[in-house]
Structures are given as C-alpha cells and as structure tokens.
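In this text, all values refer to a predicted model and were calculated from it rather than measured experimentally.
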Amino acid sequence: MSGPYVIRGSVSLPEAELLWRFSRSSGPGGQHVNTSDSQVELRFDLAGTQSLPPVWKERALERLAGRLVGGFVSVRASEHRSQWRNRETAAVRLAALLAEATAPPPRARRPTRIPRGLNERRLREKKQRADTKRGRSGRDWH
C-alpha cells in the first residue's frame with residue numbers, strides 16, 4: 001500500500017487491523033485472470049477497533065448496520081488487472097466509506113419567514129394571470 005489512508009483529520013486506517021483476502025477475479029485480464037488472484041476483499045473490524053474515537057465508532061456502527069457481518073465491514077475490488085491496484089482501490093473505498101459513515105450529522109435547518117413583499121408580489125402576479133386566463137373564455141361574446 002502507498003501509506004496510511006486518512007479517514008478524516010488525523011484518524012487513518014490502521015494497517016494492523018485490515019484483513020486482506022485475495023481470489024480469482026472475473027474482471028479484465030483475459031487468460032491472465034485464470035492464473036492470478038487479483039480480486040481483493042478488504043475487511044475491517046468496526047465493532048472491535050480502538051483506532052476510531054468512540055463517538056465516530058458509534059455513529060459508523062449505526063449507519064453501516066446493514067453492511068456489517070459480525071461487526072466487520074468489507075469492501076471488494078476487482079476492476080484492475082493487478083492485485084496491487086485492486087488493493088489500493090479497496091483501501092481508498094473503505095476509507096471513503098468510513099469517512100462518510102463517521103461524518104457529523106448536518107446542522108438543523110433554521111426556519112425562515114417569507115418576506116411580506118415577496119408574498120404580496122406573488123399573489124398579485126397570480127391574480128393578474130387568473131384575469132388574463134378568465135379574459136380568454138368566450139362567455140361575453142355576442
């Protein structure tokens with residue numbers, strides 16, 4: 001791998017807690033695919049890790065509950081011919097997934113009032129439009 005993969009701030013994926021598994025890929029590579037284990041599955045023990053702050057860990061466990069299998073989150077990569085590039089892709093994908101899952105919730109929207117002039121103008125234009133359309137009906141024609 002090309003170094004620590006930063007989740008956010010000073011927190012990064014610890015190399016010691018990453019579990020790698022390699023298998024034959026169905027992706028690009030022609031006959032090469034039949035002879036090399038280029039598909040990568042990267043697993044991370046989210047439930048048992050000590051490298052994430054407790055608040056982040058709790059948030060990630062809640063948001064990724066549907067993806068967890070026994071407390072582990074896993075990511076697969078098989079787009080590239082080389083195992084090394086698939087390892088890079090999987091690690092980046094896992095870091096991005098954890099960054100999204102540990103992000104703080106968005107700030108609550110503060111409700112604002114519609115300016116009175118804006119509302120009055122909207123109603124005035126609406127009334128003009130209605131008058132225009134009413135004028136098109138052929139009721140008063142003799």
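- When the side chain to side chain contact (heavy atoms under 4.5 Å, CB included) test is applied to R93, the partners found at least two apart in sequence or on another chain are V75, A77, E79, T89.
- Counting heavy atoms from C-beta outward, S82 and R87 have side chains that stay 4.5 Å or more apart.
- Scanning for side chain to side chain contact (heavy atoms under 4.5 Å, CB included) contacts around R134 gives A130, D131, R139, with sequence neighbours left out.
- Chaining together hydrophobic side chains whose heavy atoms lie under 4.5 Å apart leaves L123 on its own.
- In this structure, the separation between CG on L97 and CZ on F44 is 10.5 Å, given to the nearest 0.5 Å.
- Taking both residues in full, the closest heavy atoms of A99 and I7 are given as CB-O, 3.4 Å, listed atom of the first, atom of the second, then distance.
- Residues that satisfy the side-chain hydrogen bond (donor to acceptor under 3.5 Å, both in side chains) test with Q39, not counting sequence neighbours, are S23.
- Applying the side chain to side chain donor-acceptor pair (under 3.5 Å) rule to pairs touching residues 98-110 yields R8-T102, sequence neighbours excluded.
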For residues 66-74, run the donor-acceptor check on the side chains, cut-off 3.5 Å, and write out each pair with its distance to 0.1 Å, sequence neighbours left out.
unit_1 : atom_1 : unit_2 : atom_2 : d
R67    : NH2    : S74    : O      : 3.0

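- Looking at residues two or more places apart in sequence or on another chain, you find no salt bridge (Lys or Arg N to Asp or Glu O under 4.0 Å) involving R63.
- The side-chain hydrogen bond (donor to acceptor under 3.5 Å, both in side chains) test applied to S51 returns T49, not counting sequence neighbours.
- Looking at P104 and R59, their side chains come closer than 4.5 Å, going by heavy atoms from C-beta outward.
- With contacts defined as side-chain heavy-atom distances shorter than 4.5 Å, the pair L19/D45 does not qualify.
- Shown here are the side chain to side chain contact (heavy atoms under 4.5 Å, CB included) partners of A96, two or more places apart in sequence or in another chain: there are none.
- Residues L13 and V6 have side chains not in contact (no heavy-atom distance under 4.5 Å, counting atoms from C-beta outward).
- Listed for the N86 side chain is a donor-acceptor partner under 3.5 Å among the backbone atoms of S38.
- A salt bridge (Lys or Arg N to Asp or Glu O under 4.0 Å) check over residues 119-130, counting only residues at least two apart or in different chains, returns the pairs R116-E120.
- For E41, the salt bridge (Lys or Arg N to Asp or Glu O under 4.0 Å) partners two or more places apart in sequence, or in a different chain, are R21, R76.
- L98 is not listed as a side-chain neighbour of V11, based on a closest heavy-atom distance of 4.5 Å or more.
- Looking at L118, T112, N119 one by one, the single match for side-chain contact (heavy atoms from CB on, under 4.5 Å) with P115 turns out to be L118.
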